[in-house]
Amino acid sequence: MTVLTDTTVTSPTFRGRRLRRTPALRGLVRETRLHPSMLVAPLFVRPGTGIREEIGSMPGQHRLSVDELAREAERLLEAGVRAVLLFGLPETKDADGSGAWIDNGIVQTAVRELRRVAGDELAIIADVCLCEYTSHGHCGVLRGSSVDNDATLPLLARAAASLAEARADVVAPSAMMDGQVAAIRSGLDAGGLPETAILAYAAKHASAFYGPFREAADSAPAFGDRRAYQMDPANGREALAEILADLDQGADMIMVKPALPALDLVAAARAATNVPVAAYQVSGEYAAICAAAERGWLDRRGAALESLTAIARTGAGILVTYFALEAAGWLREMDR
Ligand code: PBG
């Protein structure tokens, strides 16, 4: 056996450690920086007043009545988060999901109130889907036991128009109906609402990571699953086809969802388009970090910020995350 001596060990030519030595050097060469203005906070709004009801499957998240939602928006703005994505829990549900598209629906009411208290300081994004509003929990109207794509389109267009009239800045269709972006765009334009933007949930997989959301929004399908309309997680090229189709139909921004399980699609979306790319760190991604942190298995802040940094590094400029408020606080601390 040969013994290595000082003279036989060659000096490495690449010394990455030189630029990792101090916080100042690391800050100087950091390639990805998170900023509170990239964050979007998903919020759940429910009927009533003075209600802040914790969501069991999503510790730290609440179903908020409209007045509490306004206070939450103020906290977010204070922390530097300037965008929210709204989901609604209606008083009652029916087969057509009318709560999604009536003028005095819960989210329409919430949008008006947020606009009143926050003016244009806050970017208000409203999710457009029927699943929180249908008695059967599917994302569109049924014909027999399947979701009728074309019969759902006018209802999604109507929901989007009513949310735009309430002065949402952006509508975000998440139903995964074919042609939904075109239907919404033409409905908005015909309704004299050309300024309302569309954020298309373009690449949305039928993901196991939506579980906690369905408890939060009481939107689990009463029978079957969503695999006949949401994408197969195995398909990446198809995701790109969905993204290009949505852009063709008039989407202003596109979203990939979930985020960490679909980082390749975030990168592909960034490379294939020139529009803003959003990624949604969904309820299951959030809940998994929360649960592991509660057991002491993960550091909550470290795991959250590392995940968000990875999503941004991969190409998303807009991060939809239940950590938004907390992360903005952490980022502010790190700034000092
Ligand atoms: C509505 C919708 C869902 C989510 C966002 N919009 C639920 C679903 O598709 O079942 C999930 C978001 C999350 O898990 O955080 N279609």
Would you say Thr152's side chain and Gly140's backbone share a donor-acceptor pair under 3.5 angstrom?
-> no
Of all heavy-atom pairs linking Pro59 and Gly56, the shortest is CD-O, 4.2 Å
- Indicate yes or no: at least one non-hydrogen side-chain atom of Asn149 is less than 4.5 angstrom from one of Tyr229. no
Residues Glu53 and Arg46 bridged, charged N to O under 4.0 Å: yes
**Prompt:** Can you tell if the side chain of Leu247 reaches within under 4.5 Å of the side chain of Ile254, non-hydrogen atoms only?
**Reply:** yes
Residues Ala259 and Ile311: closest non-hydrogen pair is CB-CD1, 3.6 Å
Problem - Close side-chain approach of Arg214 to Pro221, heavy-atom, < 4.5 Å - result: yes
**Asked** So, the side chain of Tyr322 versus the backbone of Gln281: is there a donor-acceptor pair under 3.5 Å, distance only?
**Response** no
Arg30 meets the side chain to side chain contact (heavy atoms under 4.5 Å, CB included) criterion, sequence neighbours left out, with Arg26, Arg33
Nearest heavy-atom contact between Ser57 and Ala287 is O-CB, 3.5 Å
- [ ] Given side chain to side chain contact (heavy atoms under 4.5 Å, CB included), test Leu43 with Leu85 step by step and report yes or no.
- [x] CA-CA 6 Å; Leu43 297 173; Leu85 171 61; over 6 Å; no
Review point. Can you get from Met334 to Leu319 by hopping between Ile, Leu, Val, Met, Phe, Trp and Tyr side chains that sit under 4.5 Å apart?
Key: yes
Hey, is Arg75 close enough to Glu72 for a salt bridge, meaning N to O under 4.0 Å?
yes
Subject >> Heavy atoms of other groups near Asn274 CG, more than 12 under 6.0 Å >> reply: no
Hey, does Leu153 have a side-chain heavy atom less than 4.5 Å from the side chain of Gln180? yes
Backbone N or O of His138 within a donor-acceptor pair of the His136 side chain at under 3.5 Å?
-> yes
inquiry  = If we ignore hydrogens and angles and just use 3.5 Å, is the side chain of Glu285 paired with the main-chain N or O of Val282 as donor and acceptor?
reply    = yes
message: Taking the side chain as everything from C-beta on, heavy atoms only, tell me whether Asp246 gets closer than 4.5 Å to Val181.
response: yes
**Message:** Quick one: does any side-chain atom of His205 pair with a main-chain N or O of Pro261 as donor and acceptor, under 3.5 Å?
**Reply:** no
Residue Glu54 excluded, over 12 heavy atoms near CD under 6.0 Å: yes
The reported gap from CG in Asn104 to CZ in Arg112 (rounded to nearest 0.5 angstrom) is 7.5 Å
Side chains of Gln108 and Ser162: is there a donor and an acceptor less than 3.5 Å apart?
yes
Between Thr314 and the options Val256, Leu263, Leu260, the side-chain contact (heavy atoms from CB on, under 4.5 Å) test singles out Leu263
Applying a strict under-4.5 Å side-chain criterion to I, L, V, M, F, W and Y, I'd like to know whether Val141 and Ile102 cluster together. yes
| field | Stepwise salt bridge (Lys or Arg N to Asp or Glu O under 4.0 Å) check, Asp299 with Arg301 | value | CA-CA 6 Å; Asp299 173 58; Arg301 168 177 165 157; over 6 Å; no
(Q) Could you check whether Glu326 pairs with Arg300 (Lys NZ or Arg NE/NH1/NH2 to Asp/Glu carboxylate O, under 4.0 Å)? (A) yes
Show your reasoning for whether side chain to side chain contact (heavy atoms under 4.5 Å, CB included) applies to Leu34 and Leu305. CA-CA 9 Å; Leu34 297 179; Leu305 288 178; 4.1 Å; yes
Residue pair Ser11 / Arg15, side-chain heavy-atom distance below 4.5 Å:
yes
Item checked: Under 3.5 Å: donor-acceptor pair, side chain of Tyr133, backbone of Leu89 -> no
Interatomic distance, CD1@Ile55 vs NE2@His62, rounded to 0.5 Å, equals 8.0 Å
### Message
Please determine whether side chain to side chain donor-acceptor pair (under 3.5 Å) holds for the pair Gln230 and Tyr210, giving the CA-CA distance in whole Å, both sets of side-chain angles, and the decisive distance to 0.1 Å.
### Response
CA-CA 12 Å; Gln230 297 180 351; Tyr210 306 152; 4.9 Å; no
Value for CG (Asp232) from OG (Ser207), rounded to nearest 0.5 Å, stands at 11.5 Å
Worksheet item: Would a hydrophobic clustering, with Ile, Leu, Val, Met, Phe, Trp and Tyr connected at side-chain separations under 4.5 Å, put Met58 with Leu298?
Response: no
query = For Tyr201, does its backbone N or O pair with a side-chain atom of Lys257 as donor and acceptor, under 3.5 Å?
reply = no
For Ala203 and Met231, the nearest pair of non-hydrogen atoms, with its separation, is CA-SD, 4.4 Å
**Request:** Tell me, with the steps shown, if Leu188 and Val171 meet side chain to side chain contact (heavy atoms under 4.5 Å, CB included).
**Result:** CA-CA 10 Å; Leu188 291 173; Val171 290; 4.2 Å; yes
Interatomic distance, CG@Leu199 vs CD1@Ile318, rounded to 0.5 Å, equals 6.5 Å
* Are the side chain of Ser219 and the backbone N or O of Glu132 linked by a donor-acceptor pair below 3.5 Å? -> no
Residue pairs passing the ring-ring contact (aromatic ring centres under 6.0 Å, His included) test with at least one member in residues 142-164, sequence neighbours excluded, are none
For Ala183 and Ala157 the tightest heavy-atom approach is O-CB, 3.6 Å
dist Gln249:CD -> Arg185:CZ (nearest 0.5 Å) comes out at 12.0 Å
Exercise. Treat each ILVMFWY residue as a node, draw an edge where side-chain heavy atoms are under 4.5 Å apart, and state whether Leu77 and Val111 are in one component.
Key: yes
| said: Can you confirm whether Thr49 sits close enough to Val66 that some side-chain heavy atom of one is under 4.5 Å from a side-chain heavy atom of the other? | reply: no
Sorted by chain and number, sequence neighbours left out, side chain to side chain contact (heavy atoms under 4.5 Å, CB included) with Pro194 holds for Asp189
Looking only at heavy atoms, the pair that brings Leu39 and Ala327 closest together is CD1-CB, 4.1 Å
Legend entry - Donor + acceptor pair across side chains of Ser98, Asp96 (<3.5 Å): no
(message) Please determine whether side chain to side chain contact (heavy atoms under 4.5 Å, CB included) holds for the pair Leu156 and Leu130, giving the CA-CA distance in whole Å, both sets of side-chain angles, and the decisive distance to 0.1 Å.
(response) CA-CA 8 Å; Leu156 295 175; Leu130 300 190; 4.2 Å; yes
In terms of side-chain geometry, is the basic nitrogen of Asp169 or Arg115 positioned less than 4.0 Å from the acidic oxygen of its partner? yes
- Do the charged groups of Glu68 and Arg71 touch, with an N to O distance under 4.0 Å? yes
- Query: Just wondering, do Leu76 and Val84 contact through their side chains at under 4.5 Å, heavy atoms?
  - Reply: yes
inquiry  = Within the supplied structure, the quantity of interest is the number of heavy atoms (other residues, nucleotides, ligands) at a distance under 6.0 Å from Arg226 CZ; does it exceed 12?
reply    = yes
Quiz item: If only atom types and distance count, is the side chain of Asp127 paired as donor or acceptor with the main-chain N or O of Phe87 below 3.5 Å?
Solution: no
* Looking at Tyr280 versus Phe209, is the centre-to-centre ring distance below 6.0 Å? -> no
Quiz item: If two hydrophobic side chains count as joined below 4.5 Å and joins carry through other members, does Leu193 share a cluster with Val128?
Solution: yes
Exercise for the section: Indicate yes or no for a side-chain donor-acceptor contact from Asp252 to the backbone of Ile198 under 3.5 Å, with no hydrogens or angles considered. Expected result: yes
Is it the case that atom CD in Glu238 sees more than 12 heavy atoms from other parts of the structure closer than 6.0 Å?
yes
